[in-house]
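Computed from a prediction, not measured in an experiment: that's the story for all the values here. We name chains A, B, ... by the order of the sequence lines, and we start the count at 1 in each one.
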There are 2 protein chains.
Amino acid sequence: MESNPNIVGVASLIGDPSRAAMLMNLLGGEALPAGELARVARITPQTASSHLAKMVEGGLLVHEFCGRHRYYRLANAEVGQALEALNAIALPKKIRSLRESDQSKTLRFARTCYDHIAGEVGVALTDRLISLGVIEESGRDFSLSQEGLARIRNFGVPVEDLQKTRRHFARQCLDWSERRHHLAGSLGAAVTGRLFDLEWISRIPGGRAVRVTREGFKGLEAEFGIKLRR
Amino acid sequence: MESNPNIVGVASLIGDPSRAAMLMNLLGGEALPAGELARVARITPQTASSHLAKMVEGGLLVHEFCGRHRYYRLANAEVGQALEALNAIALPKKIRSLRESDQSKTLRFARTCYDHIAGEVGVALTDRLISLGVIEESGRDFSLSQEGLARIRNFGVPVEDLQKTRRHFARQCLDWSERRHHLAGSLGAAVTGRLFDLEWISRIPGGRAVRVTREGFKGLEAEFGIKLRR
DNA sequence: GCACTACTTTGATAAACGCCGAAGTGTGGA
DNA sequence: TCCACACTTCGGCGTTTATCAAAGTAGTGC
(Lines give C-alpha, C1' and ligand atoms only; values in the text may rest on other atoms or scores of the structure.)
Protein backbone atom coordinates (compact mmCIF):
# COMPACT_ATOMS: atom_id res chain seq x y z
CA MET A 1 0.00 0.00 0.00
CA GLU A 2 2.81 2.38 0.84
CA SER A 3 2.70 4.81 -2.04
CA ASN A 4 4.95 6.84 -4.21
CA PRO A 5 7.67 9.00 -2.93
CA ASN A 6 10.63 7.60 -1.19
CA ILE A 7 10.36 9.61 1.97
CA VAL A 8 12.57 7.09 3.75
CA GLY A 9 15.60 7.99 1.69
CA VAL A 10 15.56 11.71 2.40
CA ALA A 11 14.59 11.31 6.03
CA SER A 12 17.39 8.88 6.78
CA LEU A 13 19.81 11.17 4.99
CA ILE A 14 18.79 14.02 7.27
CA GLY A 15 18.69 11.75 10.29
CA ASP A 16 22.43 11.49 10.74
CA PRO A 17 24.19 13.90 13.09
CA SER A 18 27.02 14.78 10.75
CA ARG A 19 24.82 15.27 7.71
CA ALA A 20 22.29 17.27 9.71
CA ALA A 21 25.03 19.58 10.93
CA MET A 22 26.10 20.23 7.35
CA LEU A 23 22.54 20.84 6.21
CA MET A 24 21.88 23.29 9.00
CA ASN A 25 24.94 25.23 7.97
CA LEU A 26 23.70 25.36 4.41
CA LEU A 27 20.32 26.74 5.45
CA GLY A 28 21.61 30.27 4.95
CA GLY A 29 21.40 29.59 1.23
CA GLU A 30 25.07 30.09 0.53
CA ALA A 31 27.26 27.45 -1.04
CA LEU A 32 30.06 26.11 1.16
CA PRO A 33 33.16 24.12 0.27
CA ALA A 34 33.43 20.48 1.32
CA GLY A 35 36.23 21.17 3.76
CA GLU A 36 34.26 23.81 5.60
CA LEU A 37 31.32 21.42 5.90
CA ALA A 38 33.60 18.72 7.26
CA ARG A 39 34.82 21.18 9.86
CA VAL A 40 31.38 22.20 11.10
CA ALA A 41 30.33 18.54 11.32
CA ARG A 42 33.57 17.70 13.15
CA ILE A 43 34.47 14.82 10.87
CA THR A 44 37.37 14.09 8.55
CA PRO A 45 37.20 15.26 4.93
CA GLN A 46 36.90 11.74 3.61
CA THR A 47 33.87 10.99 5.76
CA ALA A 48 32.31 14.28 4.76
CA SER A 49 32.93 13.52 1.13
CA SER A 50 31.00 10.30 1.42
CA HIS A 51 28.09 12.06 3.13
CA LEU A 52 28.02 14.83 0.55
CA ALA A 53 27.96 12.36 -2.30
CA LYS A 54 24.98 10.63 -0.73
CA MET A 55 23.11 13.87 -0.26
CA VAL A 56 23.69 14.87 -3.86
CA GLU A 57 22.54 11.44 -4.95
CA GLY A 58 19.45 11.84 -2.79
CA GLY A 59 18.58 15.21 -4.29
CA LEU A 60 19.21 17.28 -1.18
CA LEU A 61 22.29 19.09 -2.43
CA VAL A 62 23.87 20.18 -5.65
CA HIS A 63 27.57 20.76 -6.14
CA GLU A 64 29.44 23.30 -8.18
CA PHE A 65 33.05 23.07 -9.19
CA CYS A 66 35.23 26.07 -8.71
CA GLY A 67 38.87 25.35 -9.28
CA ARG A 68 40.04 22.77 -6.82
CA HIS A 69 37.18 23.63 -4.48
CA ARG A 70 33.87 21.92 -4.54
CA TYR A 71 31.00 23.99 -3.34
CA TYR A 72 27.81 22.43 -2.07
CA ARG A 73 24.45 24.08 -1.57
CA LEU A 74 20.85 23.09 -0.97
CA ALA A 75 19.30 21.74 -4.14
CA ASN A 76 16.19 23.94 -3.96
CA ALA A 77 13.93 25.93 -1.69
CA GLU A 78 11.77 22.89 -0.90
CA VAL A 79 14.70 21.26 0.86
CA GLY A 80 15.01 24.31 3.08
CA GLN A 81 11.34 24.18 3.87
CA ALA A 82 11.48 20.51 4.73
CA LEU A 83 14.37 21.17 7.11
CA GLU A 84 12.42 23.97 8.68
CA ALA A 85 9.36 21.76 9.05
CA LEU A 86 11.47 19.13 10.79
CA ASN A 87 12.96 21.78 13.00
CA ALA A 88 9.48 22.85 14.00
CA ILE A 89 8.59 19.41 15.33
CA ALA A 90 12.03 18.70 16.73
CA LEU A 91 11.99 21.54 19.22
CA PRO A 92 11.40 20.06 22.62
CA LYS A 93 8.28 21.45 24.16
CA LYS A 94 10.38 24.27 25.43
CA ILE A 95 7.97 27.13 24.95
CA ARG A 96 9.14 29.37 22.22
CA SER A 97 9.92 32.50 24.11
CA LEU A 98 8.90 35.86 22.73
CA ARG A 99 12.55 36.68 22.56
CA GLU A 100 13.27 33.76 20.28
CA SER A 101 10.31 34.47 18.06
CA ASP A 102 11.48 38.06 17.76
CA GLN A 103 14.96 36.97 16.82
CA SER A 104 13.54 34.72 14.18
CA LYS A 105 11.47 37.56 12.72
CA THR A 106 14.47 39.86 12.69
CA LEU A 107 16.49 37.22 10.90
CA ARG A 108 13.81 36.73 8.29
CA PHE A 109 13.60 40.44 7.68
CA ALA A 110 17.26 41.10 7.01
CA ARG A 111 20.45 39.14 7.50
CA THR A 112 23.80 38.68 5.86
CA CYS A 113 24.35 35.53 3.91
CA TYR A 114 28.14 35.27 3.82
CA ASP A 115 28.84 38.79 2.64
CA HIS A 116 25.66 39.84 0.88
CA ILE A 117 22.23 40.75 2.09
CA ALA A 118 19.42 38.19 2.41
CA GLY A 119 15.98 37.87 3.90
CA GLU A 120 12.96 39.99 3.04
CA VAL A 121 15.15 43.00 2.35
CA GLY A 122 17.56 41.04 0.17
CA VAL A 123 14.79 39.57 -1.91
CA ALA A 124 12.98 42.91 -2.22
CA LEU A 125 16.15 44.58 -3.44
CA THR A 126 16.83 41.82 -5.95
CA ASP A 127 13.25 41.92 -7.22
CA ARG A 128 13.44 45.65 -7.66
CA LEU A 129 16.74 45.46 -9.55
CA ILE A 130 15.09 42.99 -11.90
CA SER A 131 11.99 45.08 -12.50
CA LEU A 132 14.15 48.16 -13.05
CA GLY A 133 16.00 46.22 -15.74
CA VAL A 134 19.33 46.48 -13.93
CA ILE A 135 19.83 42.73 -13.73
CA GLU A 136 18.14 39.79 -15.39
CA GLU A 137 17.92 36.12 -14.48
CA SER A 138 20.30 34.06 -16.55
CA GLY A 139 20.64 30.42 -15.58
CA ARG A 140 22.19 30.21 -12.14
CA ASP A 141 23.45 33.77 -12.44
CA PHE A 142 22.15 37.23 -13.06
CA SER A 143 23.38 39.28 -15.97
CA LEU A 144 23.96 43.01 -15.70
CA SER A 145 22.52 45.23 -18.46
CA GLN A 146 24.28 48.28 -19.90
CA GLU A 147 21.94 50.70 -18.15
CA GLY A 148 22.26 48.56 -15.05
CA LEU A 149 26.01 48.93 -15.08
CA ALA A 150 25.70 52.71 -15.19
CA ARG A 151 23.11 52.74 -12.46
CA ILE A 152 25.11 50.54 -10.12
CA ARG A 153 28.27 52.53 -10.73
CA ASN A 154 26.30 55.67 -10.07
CA PHE A 155 25.22 54.16 -6.77
CA GLY A 156 28.85 54.08 -5.77
CA VAL A 157 29.94 50.54 -6.62
CA PRO A 158 33.07 50.16 -8.78
CA VAL A 159 31.58 47.54 -11.06
CA GLU A 160 34.51 47.24 -13.44
CA ASP A 161 36.88 46.20 -10.67
CA LEU A 162 34.58 43.38 -9.68
CA GLN A 163 34.41 41.82 -13.10
CA LYS A 164 38.16 41.30 -13.04
CA THR A 165 38.08 39.01 -10.03
CA ARG A 166 37.81 35.28 -10.47
CA ARG A 167 34.78 35.08 -8.22
CA HIS A 168 31.31 34.62 -9.64
CA PHE A 169 30.08 38.06 -10.55
CA ALA A 170 26.33 37.97 -9.95
CA ARG A 171 25.15 34.71 -8.53
CA GLN A 172 21.60 33.68 -7.68
CA CYS A 173 21.52 32.62 -4.05
CA LEU A 174 18.69 30.63 -2.57
CA ASP A 175 16.74 32.40 0.14
CA TRP A 176 14.89 29.69 2.00
CA SER A 177 12.93 31.99 4.29
CA GLU A 178 11.45 33.81 1.32
CA ARG A 179 11.53 30.82 -1.03
CA ARG A 180 13.10 33.04 -3.67
CA HIS A 181 16.50 34.04 -4.94
CA HIS A 182 18.55 37.02 -4.00
CA LEU A 183 21.67 38.59 -5.47
CA ALA A 184 24.99 37.07 -4.42
CA GLY A 185 28.47 36.92 -5.93
CA SER A 186 30.92 39.77 -5.97
CA LEU A 187 28.23 42.20 -7.15
CA GLY A 188 25.90 41.22 -4.30
CA ALA A 189 28.74 41.61 -1.84
CA ALA A 190 29.76 45.00 -3.24
CA VAL A 191 26.23 46.36 -3.20
CA THR A 192 25.82 45.14 0.37
CA GLY A 193 29.13 46.72 1.29
CA ARG A 194 27.91 50.00 -0.10
CA LEU A 195 24.73 49.72 1.98
CA PHE A 196 26.92 49.32 5.08
CA ASP A 197 29.12 52.27 4.03
CA LEU A 198 26.10 54.48 3.58
CA GLU A 199 24.87 53.27 6.95
CA TRP A 200 21.60 52.25 5.41
CA ILE A 201 22.02 48.94 7.21
CA SER A 202 24.02 47.97 10.26
CA ARG A 203 24.91 44.70 11.92
CA ILE A 204 23.06 43.63 15.03
CA PRO A 205 25.84 42.30 17.28
CA GLY A 206 25.96 38.60 18.02
CA GLY A 207 24.67 37.10 14.83
CA ARG A 208 23.91 37.53 11.19
CA ALA A 209 20.87 39.71 11.67
CA VAL A 210 20.93 43.17 10.17
CA ARG A 211 19.01 46.33 11.02
CA VAL A 212 17.74 48.77 8.41
CA THR A 213 18.38 52.31 9.65
CA ARG A 214 16.01 55.22 9.25
CA GLU A 215 18.21 56.55 6.45
CA GLY A 216 18.10 53.06 4.98
CA PHE A 217 14.33 53.04 4.69
CA LYS A 218 14.39 56.48 3.09
CA GLY A 219 17.35 55.74 0.86
CA LEU A 220 16.07 52.44 -0.45
CA GLU A 221 12.79 54.06 -1.36
CA ALA A 222 14.37 57.14 -2.96
CA GLU A 223 17.10 55.28 -4.86
CA PHE A 224 15.29 52.11 -5.91
CA GLY A 225 11.63 52.65 -5.04
CA ILE A 226 11.63 49.88 -2.45
CA LYS A 227 8.89 50.18 0.13
CA LEU A 228 9.54 48.08 3.20
CA ARG A 229 7.00 47.44 5.89
CA ARG A 230 8.12 48.28 9.40
CA MET B 1 25.83 28.63 18.22
CA GLU B 2 23.85 26.38 15.95
CA SER B 3 20.34 26.06 17.27
CA ASN B 4 18.94 22.74 18.30
CA PRO B 5 20.27 19.95 16.11
CA ASN B 6 17.53 17.79 17.56
CA ILE B 7 16.26 17.58 14.04
CA VAL B 8 18.37 14.42 13.87
CA GLY B 9 16.06 12.60 16.25
CA VAL B 10 12.87 13.13 14.32
CA ALA B 11 14.48 12.66 10.94
CA SER B 12 16.04 9.33 11.87
CA LEU B 13 12.72 8.22 13.32
CA ILE B 14 11.04 8.94 9.99
CA GLY B 15 13.94 7.49 8.06
CA ASP B 16 13.14 3.86 8.76
CA PRO B 17 11.03 1.92 6.26
CA SER B 18 8.72 0.34 8.82
CA ARG B 19 8.14 3.53 10.76
CA ALA B 20 7.66 5.55 7.59
CA ALA B 21 5.01 3.10 6.41
CA MET B 22 3.13 3.53 9.67
CA LEU B 23 3.41 7.30 9.55
CA MET B 24 2.14 7.45 6.00
CA ASN B 25 -0.89 5.46 7.04
CA LEU B 26 -1.51 7.87 9.87
CA LEU B 27 -1.25 10.92 7.61
CA GLY B 28 -4.99 10.73 7.06
CA GLY B 29 -5.38 12.09 10.57
CA GLU B 30 -7.19 9.05 11.95
CA ALA B 31 -6.03 7.03 14.93
CA LEU B 32 -5.14 3.40 14.19
CA PRO B 33 -4.55 0.45 16.52
CA ALA B 34 -1.05 -0.95 16.94
CA GLY B 35 -1.92 -4.23 15.27
CA GLU B 36 -3.17 -2.54 12.15
CA LEU B 37 -0.01 -0.47 11.94
CA ALA B 38 2.09 -3.61 12.30
CA ARG B 39 0.17 -5.11 9.41
CA VAL B 40 0.69 -2.19 7.02
CA ALA B 41 4.40 -2.10 7.86
CA ARG B 42 4.62 -5.90 7.40
CA ILE B 43 6.35 -6.50 10.68
CA THR B 44 5.48 -8.47 13.80
CA PRO B 45 3.49 -6.79 16.58
CA GLN B 46 6.45 -6.80 18.93
CA THR B 47 8.65 -4.98 16.47
CA ALA B 48 5.89 -2.49 15.75
CA SER B 49 5.43 -1.92 19.44
CA SER B 50 9.05 -0.94 19.80
CA HIS B 51 8.80 1.47 16.88
CA LEU B 52 5.61 3.03 18.18
CA ALA B 53 7.14 3.59 21.60
CA LYS B 54 10.06 5.38 20.01
CA MET B 55 7.83 7.60 17.94
CA VAL B 56 5.77 8.56 20.98
CA GLU B 57 8.96 9.28 22.86
CA GLY B 58 10.16 11.40 19.95
CA GLY B 59 6.97 13.46 19.86
CA LEU B 60 5.73 12.21 16.51
CA LEU B 61 2.77 10.23 17.82
CA VAL B 62 0.41 10.17 20.75
CA HIS B 63 -1.45 7.12 21.98
CA GLU B 64 -4.92 6.70 23.36
CA PHE B 65 -6.14 3.74 25.34
CA CYS B 66 -9.41 2.19 24.40
CA GLY B 67 -10.09 -1.07 26.18
CA ARG B 68 -7.39 -3.51 25.30
CA HIS B 69 -6.63 -1.67 22.11
CA ARG B 70 -4.06 1.04 21.82
CA TYR B 71 -4.71 3.66 19.22
CA TYR B 72 -1.93 5.79 17.77
CA ARG B 73 -2.20 9.00 15.82
CA LEU B 74 0.01 11.87 14.73
CA ALA B 75 0.87 14.13 17.63
CA ASN B 76 -0.12 17.36 15.87
CA ALA B 77 -0.58 19.08 12.56
CA GLU B 78 3.07 20.10 12.36
CA VAL B 79 4.08 16.46 12.13
CA GLY B 80 1.75 16.06 9.17
CA GLN B 81 3.26 19.11 7.53
CA ALA B 82 6.77 17.84 8.02
CA LEU B 83 5.83 14.54 6.42
CA GLU B 84 4.29 16.34 3.46
CA ALA B 85 7.36 18.52 3.13
CA LEU B 86 9.61 15.46 3.08
CA ASN B 87 7.37 13.92 0.46
CA ALA B 88 7.82 17.00 -1.67
CA ILE B 89 11.59 16.61 -1.83
CA ALA B 90 11.66 12.83 -2.04
CA LEU B 91 12.54 11.42 -5.41
CA PRO B 92 9.55 9.65 -6.91
CA LYS B 93 9.73 5.89 -6.66
CA LYS B 94 9.01 3.62 -9.58
CA ILE B 95 5.43 2.55 -9.71
CA ARG B 96 5.10 -1.20 -9.99
CA SER B 97 1.56 -1.94 -10.97
CA LEU B 98 -1.44 -0.39 -12.64
CA ARG B 99 -3.27 -0.75 -9.37
CA GLU B 100 -0.61 1.30 -7.65
CA SER B 101 -0.78 3.90 -10.38
CA ASP B 102 -4.53 4.23 -9.89
CA GLN B 103 -4.13 4.62 -6.16
CA SER B 104 -1.51 7.24 -6.77
CA LYS B 105 -3.80 9.20 -9.09
CA THR B 106 -6.60 9.12 -6.56
CA LEU B 107 -4.23 10.34 -3.88
CA ARG B 108 -2.92 13.13 -6.05
CA PHE B 109 -6.43 14.28 -6.80
CA ALA B 110 -7.66 14.62 -3.23
CA ARG B 111 -6.42 13.49 0.15
CA THR B 112 -6.32 14.64 3.72
CA CYS B 113 -3.07 15.99 5.06
CA TYR B 114 -3.61 15.32 8.75
CA ASP B 115 -6.85 17.28 9.05
CA HIS B 116 -7.06 19.51 6.01
CA ILE B 117 -7.54 18.86 2.33
CA ALA B 118 -4.59 18.45 -0.02
CA GLY B 119 -3.87 17.34 -3.55
CA GLU B 120 -5.27 18.83 -6.74
CA VAL B 121 -8.51 19.74 -4.98
CA GLY B 122 -6.75 21.28 -2.00
CA VAL B 123 -4.53 23.43 -4.18
CA ALA B 124 -7.41 24.44 -6.47
CA LEU B 125 -9.46 25.53 -3.49
CA THR B 126 -6.56 27.48 -2.05
CA ASP B 127 -5.81 29.17 -5.38
CA ARG B 128 -9.44 30.13 -5.77
CA LEU B 129 -9.62 31.57 -2.26
CA ILE B 130 -6.62 33.71 -3.14
CA SER B 131 -7.99 34.95 -6.45
CA LEU B 132 -11.33 35.71 -4.78
CA GLY B 133 -9.44 37.84 -2.29
CA VAL B 134 -10.52 35.74 0.67
CA ILE B 135 -6.99 34.95 1.73
CA GLU B 136 -3.63 36.35 0.78
CA GLU B 137 -0.10 35.00 1.03
CA SER B 138 1.72 36.55 3.94
CA GLY B 139 5.13 35.13 4.68
CA ARG B 140 4.59 31.52 5.55
CA ASP B 141 0.99 32.04 6.51
CA PHE B 142 -2.11 33.25 4.81
CA SER B 143 -3.98 36.27 6.07
CA LEU B 144 -7.75 36.47 5.98
CA SER B 145 -9.29 39.65 4.58
CA GLN B 146 -12.38 41.35 5.99
CA GLU B 147 -14.53 40.23 3.07
CA GLY B 148 -12.91 36.81 3.32
CA LEU B 149 -13.93 36.52 6.94
CA ALA B 150 -17.54 37.22 6.04
CA ARG B 151 -17.47 34.81 3.14
CA ILE B 152 -15.98 31.97 5.15
CA ARG B 153 -18.40 32.53 8.00
CA ASN B 154 -21.20 32.55 5.48
CA PHE B 155 -19.97 29.20 4.22
CA GLY B 156 -20.68 27.81 7.66
CA VAL B 157 -17.32 28.00 9.41
CA PRO B 158 -17.25 29.75 12.80
CA VAL B 159 -14.11 31.75 12.08
CA GLU B 160 -14.05 33.75 15.30
CA ASP B 161 -13.77 30.61 17.42
CA LEU B 162 -10.73 29.46 15.49
CA GLN B 163 -8.77 32.63 16.03
CA LYS B 164 -8.93 32.09 19.76
CA THR B 165 -7.04 28.80 19.65
CA ARG B 166 -3.31 28.68 20.12
CA ARG B 167 -2.80 26.78 16.89
CA HIS B 168 -1.58 28.49 13.73
CA PHE B 169 -4.61 30.04 12.11
CA ALA B 170 -3.93 29.81 8.37
CA ARG B 171 -0.72 28.08 7.53
CA GLN B 172 0.85 27.46 4.13
CA CYS B 173 1.50 23.74 3.72
CA LEU B 174 3.65 22.41 0.93
CA ASP B 175 1.77 19.98 -1.31
CA TRP B 176 4.07 17.22 -2.53
CA SER B 177 1.97 16.15 -5.49
CA GLU B 178 1.28 19.64 -6.82
CA ARG B 179 4.51 21.26 -5.66
CA ARG B 180 2.43 24.19 -4.51
CA HIS B 181 0.95 25.39 -1.27
CA HIS B 182 -2.41 24.63 0.17
CA LEU B 183 -4.30 26.02 3.13
CA ALA B 184 -3.52 24.39 6.49
CA GLY B 185 -3.81 25.49 10.12
CA SER B 186 -7.02 25.66 12.07
CA LEU B 187 -8.75 27.47 9.20
CA GLY B 188 -7.77 24.77 6.72
CA ALA B 189 -9.00 22.11 9.10
CA ALA B 190 -12.29 23.88 9.72
CA VAL B 191 -13.01 24.43 6.04
CA THR B 192 -12.21 20.78 5.36
CA GLY B 193 -14.47 19.74 8.23
CA ARG B 194 -17.26 21.76 6.67
CA LEU B 195 -16.70 20.00 3.34
CA PHE B 196 -17.09 16.65 5.12
CA ASP B 197 -20.22 17.87 6.93
CA LEU B 198 -21.79 19.01 3.68
CA GLU B 199 -20.83 15.63 2.21
CA TRP B 200 -19.05 17.36 -0.62
CA ILE B 201 -16.12 15.06 0.10
CA SER B 202 -15.92 11.68 1.81
CA ARG B 203 -13.12 9.43 2.95
CA ILE B 204 -12.18 6.43 0.85
CA PRO B 205 -11.73 3.66 3.43
CA GLY B 206 -8.26 2.28 4.00
CA GLY B 207 -6.17 5.35 3.50
CA ARG B 208 -6.13 9.09 3.36
CA ALA B 209 -7.54 9.41 -0.12
CA VAL B 210 -10.73 11.43 -0.42
CA ARG B 211 -13.54 11.28 -2.94
CA VAL B 212 -15.38 14.35 -4.21
CA THR B 213 -19.09 13.57 -4.33
CA ARG B 214 -21.45 14.67 -7.07
CA GLU B 215 -22.77 17.36 -4.73
CA GLY B 216 -19.18 18.30 -4.06
CA PHE B 217 -18.42 19.01 -7.71
CA LYS B 218 -21.58 21.07 -8.00
CA GLY B 219 -21.13 22.82 -4.69
CA LEU B 220 -17.48 23.76 -5.24
CA GLU B 221 -18.35 25.28 -8.58
CA ALA B 222 -21.43 27.12 -7.34
CA GLU B 223 -19.88 28.43 -4.13
CA PHE B 224 -16.33 29.16 -5.25
CA GLY B 225 -16.29 28.81 -9.02
CA ILE B 226 -13.93 25.85 -8.91
CA LYS B 227 -14.10 23.66 -11.98
CA LEU B 228 -12.59 20.24 -11.39
CA ARG B 229 -11.91 17.76 -14.13
CA ARG B 230 -13.30 14.25 -13.60
C1' DG C 1 58.70 19.39 -12.94
C1' DC C 2 57.63 19.37 -8.04
C1' DA C 3 55.42 20.41 -3.95
C1' DC C 4 51.04 21.82 -1.99
C1' DT C 5 46.23 21.88 -1.41
C1' DA C 6 41.34 20.24 -1.84
C1' DC C 7 38.80 16.58 -2.33
C1' DT C 8 37.49 11.57 -3.47
C1' DT C 9 37.92 6.46 -3.37
C1' DT C 10 38.87 2.15 -1.13
C1' DG C 11 39.07 -0.99 2.62
C1' DA C 12 38.71 -2.41 7.35
C1' DT C 13 36.59 -1.89 11.89
C1' DA C 14 33.28 -1.17 15.35
C1' DA C 15 28.99 0.40 16.99
C1' DA C 16 24.05 0.95 16.27
C1' DC C 17 19.72 -0.74 15.32
C1' DG C 18 15.94 -3.40 13.23
C1' DC C 19 14.18 -7.83 13.61
C1' DC C 20 11.86 -11.94 15.59
C1' DG C 21 10.95 -15.73 19.26
C1' DA C 22 9.68 -16.25 23.86
C1' DA C 23 7.72 -14.64 27.85
C1' DG C 24 5.02 -11.03 30.48
C1' DT C 25 1.03 -7.57 31.45
C1' DG C 26 -3.56 -6.19 31.36
C1' DT C 27 -8.40 -6.27 29.50
C1' DG C 28 -12.77 -8.49 28.17
C1' DG C 29 -15.93 -12.19 27.81
C1' DA C 30 -17.59 -17.16 28.77
C1' DT D 1 -11.93 -18.77 37.09
C1' DC D 2 -10.14 -19.61 32.72
C1' DC D 3 -9.03 -18.47 28.20
C1' DA D 4 -8.52 -15.43 24.24
C1' DC D 5 -6.82 -11.25 22.70
C1' DA D 6 -4.02 -6.92 22.15
C1' DC D 7 -0.06 -5.30 23.09
C1' DT D 8 4.61 -4.82 25.47
C1' DT D 9 9.24 -6.26 27.32
C1' DC D 10 13.43 -8.99 27.00
C1' DG D 11 17.36 -11.29 24.80
C1' DG D 12 19.98 -12.65 20.92
C1' DC D 13 21.15 -12.49 16.13
C1' DG D 14 22.38 -10.34 11.78
C1' DT D 15 22.72 -6.46 8.77
C1' DT D 16 23.61 -1.83 7.97
C1' DT D 17 26.47 2.08 8.12
C1' DA D 18 29.34 5.81 10.04
C1' DT D 19 34.00 6.31 10.74
C1' DC D 20 39.00 6.93 9.75
C1' DA D 21 43.65 5.58 7.59
C1' DA D 22 45.84 5.18 3.40
C1' DA D 23 46.13 5.84 -1.27
C1' DG D 24 44.47 8.19 -5.55
C1' DT D 25 43.00 12.29 -8.55
C1' DA D 26 43.00 16.91 -9.88
C1' DG D 27 43.88 21.93 -9.75
C1' DT D 28 47.42 25.69 -8.32
C1' DG D 29 51.63 28.02 -7.68
C1' DC D 30 56.71 28.08 -7.53
Side-chain angles (χ1 to χ4, degrees), chain A residues 2 6-26 30-73 114 164-168, chain B residues 5-26 30-75:
Chain A
E2 91 184 91
N6 186 13
I7 186 178
V8 174
V10 282
S12 60
L13 280 176
I14 302 170
D16 170 83
S18 306
R19 286 193 292 256
M22 300 194 218
L23 288 168
M24 292 316 248
N25 272 272
L26 289 169
E30 66 249 80
L32 295 175
E36 172 72 9
L37 291 169
R39 202 186 54 77
V40 299
R42 299 171 194 280
I43 51 179
T44 59
Q46 57 268 37
T47 304
S49 181
S50 143
H51 284 312
L52 291 167
K54 284 173 192 168
M55 291 194 280
V56 169
E57 172 79 15
L60 294 180
L61 303 182
V62 290
H63 61 285
E64 303 162 353
F65 299 86
C66 179
R68 55 184 163 182
H69 293 270
R70 214 152 185 164
Y71 283 87
Y72 289 84
R73 43 189 281 275
Y114 238 4
K164 288 174 197 157
T165 65
R166 197 164 304 171
R167 182 174 172 191
H168 282 280
Chain B
N6 203 0
I7 184 177
V8 174
V10 282
S12 61
L13 281 175
I14 302 170
D16 170 82
S18 307
R19 286 194 291 257
M22 299 194 219
L23 288 168
M24 292 315 255
N25 273 271
L26 289 168
E30 292 167 314
L32 294 175
E36 172 72 9
L37 291 169
R39 200 185 55 76
V40 300
R42 301 173 193 279
I43 50 178
T44 58
Q46 59 269 35
T47 304
S49 181
S50 145
H51 284 312
L52 290 167
K54 284 173 192 167
M55 290 196 280
V56 169
E57 172 79 15
L60 294 181
L61 303 182
V62 291
H63 60 281
E64 302 161 354
F65 299 86
C66 179
R68 55 183 162 179
H69 293 270
R70 213 152 183 168
Y71 283 87
Y72 289 85
R73 56 185 184 79
L74 297 188

Rounded to the nearest Å, what distance is computed from the CG atom of residue Asp16(B) to the P atom of nucleotide dT15(D)? 17 Å
Any base atoms under 4.0 Å from Pro17(A), or only sugar-phosphate, or nothing? Heavy atoms, all strands. nothing
What is the distance, to the nearest angstrom, from the CD1 atom on Ile43(A) to the P atom on dA6(C)? 17 Å
Nearest-Å distance for atom pair CG/P, residues Leu32(B) and dC7(D): 11 Å
NA contact type, Arg19(B), heavy-atom cut-off 4.0 Å: base, sugar-phosphate, or nothing? sugar-phosphate
Report the distance from atom CG of Leu23(B) to atom CD1 of Ile7(A), rounding to the nearest 0.5 Å. 7.5 Å
Would you say a side-chain N or O of His69(B) is under 4.0 Å from OP1 or OP2 of dT27(C)? no
Sub-3.5 Å donor-acceptor pair from the side chain of Ser49(A) to the main-chain atoms of Pro45(A), do we have one? no
Could you write out each protein N or O paired with an N or O of nucleotides 25-27 of chain D at a distance under 3.5 Å?
| residue | atom | partner | partner atom | Å |
| --- | --- | --- | --- | --- |
| dG27(D) | N2 | Arg68(A) | NH1 | 2.7 |

Sequence neighbours excluded, which residues qualify as salt bridge (Lys or Arg N to Asp or Glu O under 4.0 Å) partners of Arg42(A)? none
Checking Thr44(A) against Thr47(A) for the side chain to side chain donor-acceptor pair (under 3.5 Å) test, could you report, in this order, the C-alpha distance in whole Å, the side-chain angles of both residues, the deciding distance, and whether it holds? CA-CA 5 Å; Thr44(A) 59; Thr47(A) 304; 3.0 Å; yes
Ignoring the backbone of Ala34(A), work out which of dC19(C), dA18(D), dT8(C) is nearest its side chain. dT8(C)
Pull out every protein N or O sitting under 3.5 Å from an N or O of nucleotides 21-25 of chain C, one pair per line with the distance.
| residue | atom | partner | partner atom | Å |
| --- | --- | --- | --- | --- |
| dG21(C) | N7 | Gln46(B) | NE2 | 2.6 |

With rounding to the nearest 0.5 Å, note down the distance linking CG in Asn25(A) to CZ in Arg39(A). 8.5 Å
Please enumerate all residues that pass side chain to side chain contact (heavy atoms under 4.5 Å, CB included) together with Ser18(A), with sequence neighbours excluded. Asp16(A), Ala41(A), Ile43(A), His51(A)
Is any side-chain N or O of Tyr72(A) closer than 4.0 Å to OP1 or OP2 of dT8(C)? yes
Student check: side-chain heavy atoms of Val62(A) and Val56(A) closer than 4.5 Å: no
Distance col, row Leu37(B):CG vs Arg19(B):CZ, nearest 0.5 angstrom, shows 13.5 Å
To the nearest Å, give me how far apart CE (Met22(B)) and P (dG18(C)) are. 10 Å
Check the angle between the aromatic planes of His69(A) and Tyr71(A) and answer parallel, tilted or perpendicular using the 30° and 60° thresholds. tilted
Going by heavy atoms in the side chains, are Leu52(B) and Leu61(B) under 4.5 Å from each other? yes
With the threshold set at under 4.0 Å for non-hydrogen atoms, list the residues of residues 50-57 of chain A touching DNA chain D in residue-number order. His51(A), Lys54(A)
Leu13(A) CG to dT17(D) C1', straight-line distance once rounded to whole Å: 12 Å
Restricting to pairs with a member in residues 52-70 of chain A, which pass salt bridge (Lys or Arg N to Asp or Glu O under 4.0 Å), not counting sequence neighbours? Glu64(A)-Arg73(A), Glu64(A)-Arg171(A)
